[in-house]
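Here the structure comes first, spelled out in C-alpha cells, and everything after it is commentary.
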Amino acid sequence: MRVAVYPGSFDPITNGHLDIIRRASKLYDRLIVGVLNNMNKKPMFTAEERKRLIDEVTEDIPNVTCDVFSGLLVDFAKNNGATVIVKGLRTVADFEYEFQMALLNKALNPEFETMFLMTDTKYSYISSSMVKEVAKYNGELNGLVPQQVISKIKEKM
Ligand code: PNS
C-alpha cells in the first residue's frame with residue numbers, strides 16, 4: 001500500500017491546497033494531510049480548527065485523512081507508514097525553499113521521496129497568507145478558498 005503525506009500549515013486550507021490533495025489522492029492508496037502545529041507562529045486558526053476544516057472539505061475523498069503533527073515531518077511520515085512526501089509548487093519562487101526542504105528531509109531519512117505536483121495555473125497566485133490579507137481588508141474570498149473556510153474566516157474576523 002502506497003501511503004503519502006501532504007504536509008503544511010494550512011492556515012487556512014486554500015483551493016490550491018485542495019487541488020493538490022485531490023490530484024495526489026489519485027496517485028496513492030492513502031493520503032494523509034499533515035497539519036503542522038507550529039508553536040513559533042501565531043496562526044489565525046488553531047491546529048485543531050485547521051484539521052476540522054480540512055476534514056470537512058475532503059470528506060468526499062475516501063482515501064484522504066488529516067492529522068495534526070508537531071516535530072519533524074520525517075518522523076510523522078514514518079509513524080504513519082508513509083514513504084512519500086507530497087508538495088505543491090506554484091512558481092519558481094517556491095522552488096528554492098522546497099528544494100532545500102526536500103534535500104534536508106532526504107538527509108534526515110533517506111527512505112523518503114518528495115514528489116512535487118505543479119499547481120494548476122488558476123491557483124498559482126493563491127497562498128494562505130494572501131487569503132488572510134484579503135480577509136483582513138474585507139476583500140472577496142470566493143474562488144480562493146472553499147465556502148466552508150469563508151464562513152469560518154468571517155466568524156474569526
Ligand atoms: O505550509 P508551510 O508552512 O509552507 O509548510 C511547511 C512544512 C510544515 C512542510 C515544514 O515547515 C515542515 O515540514 N515542518 C516540520 C518540521 C520539520 O520537519 N522541519 C525540517 C524539514 S523543513
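Count residues from 1 along the sequence.
- Residues that satisfy the salt bridge (Lys or Arg N to Asp or Glu O under 4.0 Å) test with Glu113, not counting sequence neighbours, are Lys106.
- Listed by first and then second residue, the ring-ring contact (aromatic ring centres under 6.0 Å, His included) pairs involving residues 83-108 are Phe95-Phe99 (not counting sequence neighbours).
- In this structure, Gln147 and Ile150 have side chains that are in contact, with non-hydrogen atoms separated by less than 4.5 Å.
- When side chains are defined from C-beta on, Cys66 counts as touching Val35, because their heavy atoms get closer than 4.5 Å.
- At a threshold of 4.5 Å between non-hydrogen side-chain atoms, the residues Val131 and Pro12 count as touching.
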For residues 68-85, dump all side-chain donor-acceptor pairs below 3.5 Å to protein atoms at least two apart in sequence or in another chain.
residue : atom : partner : partner atom : Å
Asn79   : ND2  : Asp75   : O            : 3.2
Asn80   : ND2  : Phe76   : O            : 2.8

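- In this structure, CD on Glu56 lies 8.5 Å from OG on Ser151, to the nearest 0.5 angstrom.
- In this structure, the side chains of Ile21 and Thr58 come closer than 4.5 Å at one or more pairs of heavy atoms.
- Hydrophobic cluster membership is shared by Val64 and Met115, with clusters built from Ile, Leu, Val, Met, Phe, Trp and Tyr side chains linked at under 4.5 angstrom.
- Under the 4.5 Å side-chain criterion, counting only non-hydrogen atoms from C-beta, Leu117 is not in contact with Leu89.
- For CG of Asp29, the number of neighbouring non-hydrogen atoms (other residues, nucleotides, ligands) closer than 6.0 Å is greater than 12.
- In terms of the side-chain contact (heavy atoms from CB on, under 4.5 Å) criterion, residue partners of Ser124 (sequence neighbours excluded) are, by chain and number, Thr119.
- For the residue pair Glu48/Asn37, the side-chain donor-acceptor check at 3.5 Å is not satisfied.
- With sequence neighbours left out, Lys136 forms a salt bridge (Lys or Arg N to Asp or Glu O under 4.0 Å) with no residue at all.
- Counting all heavy atoms, side chain and backbone alike, Met118 lies closest to Arg23 at O-NH2, 2.8 Å.
- Residue pairs that meet the side chain to side chain donor-acceptor pair (under 3.5 Å) test with at least one member in residues 3-16, sequence neighbours left out, are Asp11-Lys132, Thr14-His17.
- Listed by chain and residue number, Arg22 satisfy the salt bridge (Lys or Arg N to Asp or Glu O under 4.0 Å) test with Asp60 (two or more places apart in sequence, or in another chain).
- One finds a salt bridge joining Glu155 and Lys152 here, because a Lys/Arg side-chain nitrogen approaches an Asp/Glu carboxylate oxygen to under 4.0 Å.
- Phe112 meets the ring-ring contact (aromatic ring centres under 6.0 Å, His included) test with no other residue; sequence neighbours excluded.
- Sorted by first and then second residue, the salt bridge (charged side-chain N to carboxylate O under 4.0 Å, His left out) pairs involving residues 80-93 (not counting sequence neighbours) are Lys87-Glu98, Arg90-Asp94.
- Heavy-atom contacts from other residues, nucleotides or ligands closer than 6.0 Å to NZ of Lys154 number 12 or fewer.
- Between Leu18 and Pro146, some side-chain heavy-atom pair lies under the 4.5 Å cut-off.
- Considering only heavy atoms from C-beta on, Leu36 stays 4.5 Å or farther from Phe10 through its side chain.
- Applying the ring-ring contact (aromatic ring centres under 6.0 Å, His included) test to residues at least two apart or on different chains, none of the pairs has a partner in residues 118-156.
- Using a distance-only test at 3.5 Å, with no hydrogens or angles considered, no donor-acceptor pair links the side chain of Asp55 to the main chain of Thr65.
- Within the 4.5 Å cutoff, side-chain heavy atoms of Leu141 are placed close to those of Val134.
- Clustering ILVMFWY residues whenever any of their side-chain heavy atoms sit less than 4.5 angstrom apart, transitively, puts Val3 in the very cluster that holds Val5.
- The CG atom of Leu108 sits 11.0 Å away from atom CG of Leu103, with the distance rounded to the nearest 0.5 Å.
- Judged purely by atom type and a 3.5 angstrom limit, Asn63 uses its side chain to pair as donor or acceptor with the backbone of Ser25.
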Derivation of the side chain to side chain contact (heavy atoms under 4.5 Å, CB included) call for Val57 and Ile13: CA-CA 9 Å; Val57 301; Ile13 184 168; 3.9 Å; yes
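- When the salt bridge (Lys or Arg N to Asp or Glu O under 4.0 Å) test is applied to Asp67, no partner is found at least two apart in sequence or on another chain.
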task: Starting from the C-alpha separation in whole Å, work towards a yes-or-no answer on side chain to side chain contact (heavy atoms under 4.5 Å, CB included) for Met44 and Met157.
output: CA-CA 10 Å; Met44 172 181 261; Met157 300 309 275; 3.7 Å; yes
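- The two atoms that bring Ile20 and Gly88 nearest to each other are CD1-CA, 3.9 Å, heavy atoms only.
- For Met101, the CE atom counts as densely surrounded, since its 6.0 Å shell holds more than 12 non-hydrogen atoms of other residues, nucleotides or ligands.
- Of all the heavy atoms in Gly143 and Ile126, the pair that sits closest is O-CD1, 3.8 Å.
- Among residues at least two apart or in separate chains, there is no ring-ring contact (aromatic ring centres under 6.0 Å, His included) pair with a member in residues 41-62.
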